[in-house]
Novice: 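For reference, the structure I am asking about is given below.
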Amino acid sequence: MATLSIVDARAIHKHFGALHVLKGVDLKVAERELVFVIGPSGSGKSTLLRCLNRLEEPSSGSIVVDGIDMLDPRTDINHARQRIGMVFQSFNLYPHMTALGNVTLALRKVAGKSRAEADRLGHAALERVGLADRAEHTPGQLSGGQQQRVAIARSIALEPRVMLFDEPTSALDPELVGSVLEVMRSLRESGMTMIVVSHEMGFARNAADRVVFMDDGLIVEQGAPAEIFEHPAHDRTRAFIGQIQRH
Amino acid sequence: MSTWDRFVDTFFNGKVMAKYLPDILSGMVVTIELAVLIVITGLGAGLALALIRSLAIRPLNWLIVFTVDLFRALPPLVIIVLIYFGLPYADLSFSGFVSTWLSLALVLMAFSEEIFWAGITSVHKGQWEASRSTGLSFGQTLMNVVLPQALRLTIPPLTNRTIAITKGTALGTVVAVTEILGEASSAMSNSYNPSPLMMGAAAYLVLFLPVVVLARRLERKFAWKR
């Protein structure tokens with residue numbers, strides 16, 4: 001055991017019918033590390049992320065998160081998922097609940113907190129994402145950026161050991177992206193382990209510890225952001241980064 | 001006697017109406033009893049079936065779909081007659097009241113199951129994923145996240161169906177249930193005058209108009225901004 005890796009995924013394969021989406025992916029993430037996963041659409045990066053908390057069932061391989069074997073049938077998956085926060089492209093807030101209701105549901109139902117305690121933790125989480133004054137708003141009354149920050153609060157309220165971000169800013173208007181990245185940056189500063197699938201190259205450049213480039217179901221190369229962006233070793237990486245940076 | 005007077009004397013005959021008012025009122029009580037029983041058991045069973053169906057147990061789902069299709073396809077009158085006149089041959093005898101209740105509850109169960117199911121499946125997959133990713137179980141997600149959204153979507157079609165099927169209590173006349181229409185038509189033949197039928201119509205309005213208004217309020221109350 002050389003390093004303490006909080007996420008250790010090995011030889012992950014995923015088939016959707018005849019489609020072979022992940023073709024043997026290994027991914028280790030150290031505690032407090034921020035790993036950026038990039039790659040063309042259809043490269044399997046979102047599927048990889050969704051395998052880590054078993055929203056997708058990998059066809060084969062092993063996944064250990066914070067010492068818990070995620071693929072062991074004896075693992076209490078609901079308990080394990082509390083420790084793995086996930087933020088989605090389309091926010092997926094519960095539209096029939098207030099922001100506070102969204103944040104406190106799992107605290108009450110899964111973590112077993114009383115309503116008063118859950119509300120206290122919920123307010124604290126909303127405060128961390130800068131939305132203390134929006135607790136009683138419903139998702140429909142919030143902007144996209146605010147909704148995504150509530151979604152982040154919903155995850156961090158459970159004090160996860162690792163956070164997964166699946167294209168968190170892709171559905172946002174450009175002027176709202178900054179507020180979400182700001183929250184992600186402060187999470188990073190607090191020492192949260194994060195795996196981020198995103199095209200925010202600027203953010204990757206100055207916040208990521210490591211950039212992983214995926215293509216066609218495999219990790220093609222990985223390294224420090226400067227290394228990957230300035231001196232990619234593979235043609236496919238170079239082509240992809242060239243395309244992204246032209247915009 | 002003018003035409004108008006004759007019309008009023010025929011359809012809104014005060015004497016006849018006064019005489020048969022108590023019958024119509026007791027018919028209303030029977031109709032209300034039937035309606036309440038049908039709505040509670042029919043919607044309850046429909047929701048239960050939809051929840052069971054969401055567990056995605058194949059053979060069970062085939063059975064549910066078959067049952068639901070059967071009771072949606074059969075005319076309610078046929079079901080009433082089958083239960084009332086047919087089941088005694090299997091040593092099961094139900095009164096007209098119970099036969100009508102069971103039949104219409106089964107029909108409402110079938111239609112409402114489809115509506116509840118459509119509501120559950122129309123909730124976006126991301127809602128399930130968000131909830132499951134925070135550690136809520138399948139059942140907790142269904143009850144706390146999916147069902148509350150599904151129910152809001154189902155209120156308009158559900159109230160329409162419920163009202164349509166509950167009005168079917170009038171079919172109970174066929175098996176001698178003394179509900180509104182039964183009372184009205186026997187009063188009509190006893191008095192040789194259709195005024196009791198008008199009272200029956202008024203009774204249905206008095207019963208169902210508030211339900212329609214209430215349904216509209218519910219729809220407004222549970223609508224939320226997306």
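Reminder, nothing fancy here: chain letters follow the sequence lines and each chain counts from 1.
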Novice: Against chain B, work out which of A:N102, A:N53, A:L93, A:I77 has the most heavy-atom pairs shorter than 4.5 Å and name it.
Specialist: A:L93
Novice: Between the side chains of A:R83 and A:E159, is the shortest nitrogen-to-carboxylate-oxygen separation below 4.0 Å, so that they form an ion pair?
Specialist: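 Salt bridge between A:E159 and A:R83, a charged N being under 4.0 Å from a carboxylate O: no.
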Novice: What part of A:R50 is in contact with chain B, defined as an atom under 4.5 angstrom from a non-hydrogen atom: side chain, backbone, both or neither?
Specialist: side chain
Novice: Less than 4.5 Å to any heavy atom of chain A: does that hold for the side chain of B:Q140, its backbone, both, or neither?
Specialist: side chain
Novice: Under 4.5 Å heavy-atom distance to chain B, tell me which part of A:F88 shows up: side chain, backbone, both or neither.
Specialist: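 The side chain, not the backbone.
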Novice: Is the NZ or CZ atom of A:R149 positioned over A:F91's six-membered ring, under 6.0 angstrom from the centre and within 45° of the axis?
Specialist: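 Judged by the rule (NZ or CZ under 6.0 Å from the ring centre, within 45° of its axis), A:R149 is not positioned above A:F91.
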Novice: Could you check whether A:R10 pairs with A:D26 (Lys NZ or Arg NE/NH1/NH2 to Asp/Glu carboxylate O, under 4.0 Å)?
Specialist: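 The answer is no: the pair does not qualify as a salt bridge.
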Novice: Measure A:I84 against the heavy atoms of chain B and call it side chain, backbone, both or neither at under 4.5 Å.
Specialist: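 Just the backbone, heavy atoms under 4.5 Å.
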Novice: If the threshold is 4.0 Å, N to carboxylate O, is there a salt bridge linking B:E129 and B:R132?
Specialist: no
Novice: Relative to each other, are the rings of A:F36 and A:F203 parallel, tilted or perpendicular (30° and 60° limits)?
Specialist: tilted
